[in-house]
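Here's the structure, in structure tokens; my notes come after.
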Amino acid sequence: MEFEPRDQFEQRQRKLEQIQALGHEAFPREFRWTESPAELLKDYAAVQGPELEASRKEVRVAGRIVSYRLMGKAGFAHLQGAGKRIQIYVKKDVVGEKGFQLFHLLDLGDHIGVRGHLFRTRTGELTIWVDELFFLSKALLPLPEKWHGLADIELRYRQRYLDLIVSEKSRAVYQTRARIVRELRQFFDGRGYIEVETPMMHPIAGGATARPFVTHHNTLDIDLYLRIAPELYLKRLTVGGFDRVYEINRNFRNEGISTQHNPEFTMLEFYEAYSNYRDLMELNEQLFAQVAKSITGSTKVKFGEHELDFGKFTRLTMREAIVKYWPEEAGPTPHLDEFESAAALRARLHESVDDLAQAHHEHEPWQNQAKQQMVRVLKASFLAILRGSEEKGEPVGKTIGDIFEAVAEDKLIQPTILYDFPTDISPLSKQKPEDPALTERFEIIAAGMEIANGFSELNDPAEQERRFAAQIARGGDEAPKQLDVDYLRALCHGMPPTAGEGIGIDRLTMLLTDSHSIRDVILFPLLRPEAKPEDQAAAEGEKA
RNA sequence: AGGGGCGUAGCUCAGUGGUAGAGCAGCGGCCUUUUAAGCCGAAGGUCGUGGGUUCGAUCCCCACCGCCCCUACCA
């Protein structure tokens with residue numbers, strides 16, 4: 001093994017040998033401790049020095065050395081354990097010649113155990129007076145800089161272990177994430193739901209529109225897809241009589257990577273028989289308020305410059321959202337009847353493009369750069385939407401969805417329930433009885449991000465088959481390659497009226513931890529693998 | 001995929017068309033209540049990689065690699 005910095009690596013290997021020569025095992029197997037550094041700091045926060053020294057209660061504590069100050073015949077260090085740091089004081093008189101030799105051979109990053117008792121230093125810091133040192137494990141590579149920590153974002157993602165050692169903030173995010181998941185489990189368990197695990201390898205990728213990852217099973221000699229959603233399996237379970245069922249697990253989508261997208265991400269998906277999407281909206285209002293409150297202490301949560309209030313959801317239909325956020329530069333807002341026909345909507349968009357061009361022309365660039373930018377981007381989006389509609393023959397519902405995304409989605413900062421989605425983009429949702437162009441579907445949007453997606457589940461097998469067939473006929477990378485006949489068969493056995501929903505755990509964690517990149521809430525986000533130096537040289541050789 | 005930015009010691013960062021600097025970490029020495037401990041000394045680098053311009057490139061130009069941000073695809 002060879003690592004940079006080579007001299008420090010070798011230096012520390014030599015020290016390990018010297019530690020062994022002192023009679024210590026290089027890699028001991030255990031250490032029996034009585035308290036963690038975190039527990040000591042908490043339990044003895046209010047206990048004064050004289051009281052500590054009067055009782056001289058023996059403690060045994062293990063941790064990683066994260067600071068080290070040697071002063072002749074005594075020294076201080078901090079041991080980090082369970083995320084907190086306790087100081088230790090090591091005196092040659094007390095630990096003896098060999099004990100002090102061991103102390104000399106320690107480096108930042110090493111794990112040790114200590115036996116001793118608590119006292120307070122002159123400055124009042126709670127400290128362990130060490131009677132005996134135990135060597136536990138050597139860090140052969142140095143820790144990041146002690147004051148600034150690991151500032152290189154790439155290193156924080158690639159070497160998360162270092163980030164976690166050095167950054168209490170990062171550590172806290174993942175602890176919060178665990179609490180969020182626990183909270184969600186409690187919420188659903190308390191409502192009579194059962195937690196299940198359905199396949200992650202699917203013969204047909206369904207339940208969402210996304211490009212899947214493909215893999216292969218050797219013995220069966222079949223291609224399989226990593227699941228893009230658990231939806232169709234969970235709904236089979238509602239047919240099977242699990243009336244309230246949920247799963248928390250990973251989905252995989254072979255799509256782009258961004259601050260809001262990682263190729264694998266965690267979803268909570270749940271189904272509740274005999275309920276509809278209105279019931280779910282109410283359930284969501286309770287759920288989000290409760291989770292936000294128990295995680296952050298309040299339903300009002302700081303997210304960047306905003307304060308998101310999960311105690312108060314706005315409800316808007318998709319069409320209302322488009323009308324509400326339609327910018328004046330885009331001309332008159334569309335009328336309700338214009339959402340009915342593709343031709344009317346296209347005409348509206350063409351007019352808007354002209355109005356936007358006009359607006360762009362009228363504004364002097366230096367007057368309001370942000371507005372100029374908005375007008376330019378919106379015009380480009382509208383032109384793209386028109387191309388989709390006119391050249392690719394996309395259905396009107398798709399056009400409406402695209403318009404929503406172009407004009408409204410990023411404006412929805414406060415938690416919003418956006419509902420009544422076009423049937424054309426909702427192949428698994430039940431239609432509204434009074435308007436088959438719309439479905440009983442909603443999304444929860446906060447900070448401009450889609451957090452959850454739920455609907456009254458389509459349980460009419462004939463209609464489901466028509467929708468699947470339409471999807472397949474339309475084609476594209478994101479459409480299923482074949483009909484999921486077994487799913488239709490399951491529906492034919494009778495699925496109760498059911499409402500279901502998926503909640504993005506990563507994004508929810510972002511909101512509740514004020515994290516602005518999904519990579520900050522996923523321990524090991526997908527990055528391009530590090531090239532070994534020789535690979536890199538070879539790659540360049542080939543090109544030359 | 002397109003646009004912008006970044007890449008210098010293990011880490012955090014300065015810097016210059018003329019052979020590269022600080023702090024922390026590491027090494028040697030002094031120091032028995034310090035705490036970003038201190039003081040003295042020495043060491044540490046193919047300035048992301050490869051080309052080009054130049055008498056001379058870490059710096060200027062081009063390509064490539066990696067990361068970040070925005071846009072596009074998507075949740």
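Owing to the predicted nature of the structure, the values given are computational and were not obtained by experimental measurement. In what follows, chains are A, B, ... by sequence order, proteins preceding strands, each numbered from 1.
- With C67(B), C73(B), C70(B) as the choices, the nucleotide that has an atom nearest any side-chain atom of Glu154(A) turns out to be C67(B).
- For the pair Arg507(A) CZ and A75(B) C1', the interatomic distance rounds to 4 Å; values are reported in whole Å.
- When the side-chain nitrogen and oxygen atoms of Arg528(A) are compared with OP1 and OP2 of C65(B), none of them lie within a distance under 4.0 Å.
- A close approach under 4.0 Å does not occur between any side-chain nitrogen or oxygen of Ser258(A) and OP1 or OP2 of C73(B).
- At a threshold of 4.0 angstrom between heavy atoms, the contacts of Gly256(A) include nucleobase atoms, whether or not backbone atoms are also involved.
- Between Arg211(A) and C73(B) there is no side-chain N or O to OP1 or OP2 distance below 4.0 Å.
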Walk me through it: do Thr198(A) and Arg227(A) pass the test side-chain hydrogen bond (donor to acceptor under 3.5 Å, both in side chains)?
CA-CA 10 Å; Thr198(A) 62; Arg227(A) 76 175 184 195; 3.2 Å; yes
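- The interatomic distance linking Leu108(A) (CG) with G26(B) (C1') rounds to 10 Å, in whole Å.
- Taking the six-membered ring for Trp and the full ring otherwise, His78(A) and Tyr68(A) have centroids separated by 6.0 Å or more.
- Side-chain atoms of Thr127(A) lie closest to U34(B) of the nucleotides A75(B), U34(B), C31(B).
- In this structure, CD1 of Ile257(A) is placed 16 Å from P of G2(B), rounded to the nearest angstrom.
- At a threshold of 4.0 angstrom between heavy atoms, the contacts of Asp152(A) are confined to the sugar-phosphate backbone, with no base atom among them.
- With the nearest nucleotide of RNA chain B identified for both Arg253(A) and Thr259(A), Thr259(A) has the one nearer the 5' end.
- Atom CG in Asp520(A) sits roughly 15 Å away from atom P in C67(B) (whole-Å rounding).
- With hydrogens and angles ignored, a donor-acceptor pair closer than 3.5 Å exists between the side chain of Arg69(A) and the base of U34(B).
- Not a single donor-acceptor pair, N or O on each side, falls under 3.5 Å between the base of G10(B) and the side chain of Glu145(A).
- OP1 or OP2 of C68(B) lies within a sub-4.0 Å distance of a side-chain N or O belonging to Arg519(A).
- When the P atom of C31(B) is taken as reference, atom NZ of Lys91(A) falls 16 Å away, rounded to whole Å.
- As rounded to whole Å, 13 Å separates atom C1' of C67(B) from atom CG of Leu150(A).
- Contact of Gln87(A) with U34(B) (side chain to base): a donor-acceptor pair of N or O atoms is detected under 3.5 Å.
- Checking the phosphate oxygens (OP1, OP2) of A75(B), a side-chain nitrogen or oxygen of Thr209(A) falls inside 4.0 Å.
- Between Arg158(A) atom CZ and Arg160(A) atom CZ the span is 12.5 Å, to the nearest 0.5 Å.
- Counting distance only, with no hydrogens placed and no angle test, the side-chain atoms of Gln8(A) and the base atoms of A25(B) include a donor-acceptor pair under 3.5 Å.
- Residue Ala151(A) is classed as a sugar-phosphate contact, given heavy-atom separations below 4.0 Å to backbone atoms only.
- What separates CZ of Phe100(A) from C1' of U32(B) is a distance of 8 Å, to the nearest Å.
- Distance, Leu106(A) CG to C27(B) C1': 16 Å, rounded to whole Å.
- With distances taken from any side-chain atom of Gln11(A) to the nucleotides C73(B), G26(B), C68(B), the minimum falls on G26(B).
- Within the structure, every side-chain polar atom (N or O) of Arg376(A) is placed at least 4.0 Å from both OP1 and OP2 of C70(B).
- Side-chain atoms of His148(A) lie closest to U12(B) of the nucleotides A25(B), U12(B), U34(B).
- Side-chain atoms of Thr509(A) never come within 3.5 Å of backbone atoms of Arg507(A) as a donor-acceptor pair (strictly under, hydrogens ignored).
- Arg69(A) and Gln87(A) are linked by a side-chain donor-acceptor pair at a separation below 3.5 angstrom, with hydrogens and angles left out of the test.
- How far CD of Glu440(A) is from CG of Leu458(A): 11.0 Å, rounded to the nearest 0.5 Å.
- OP1 or OP2 of C27(B) lies within a sub-4.0 Å distance of a side-chain N or O belonging to Lys15(A).
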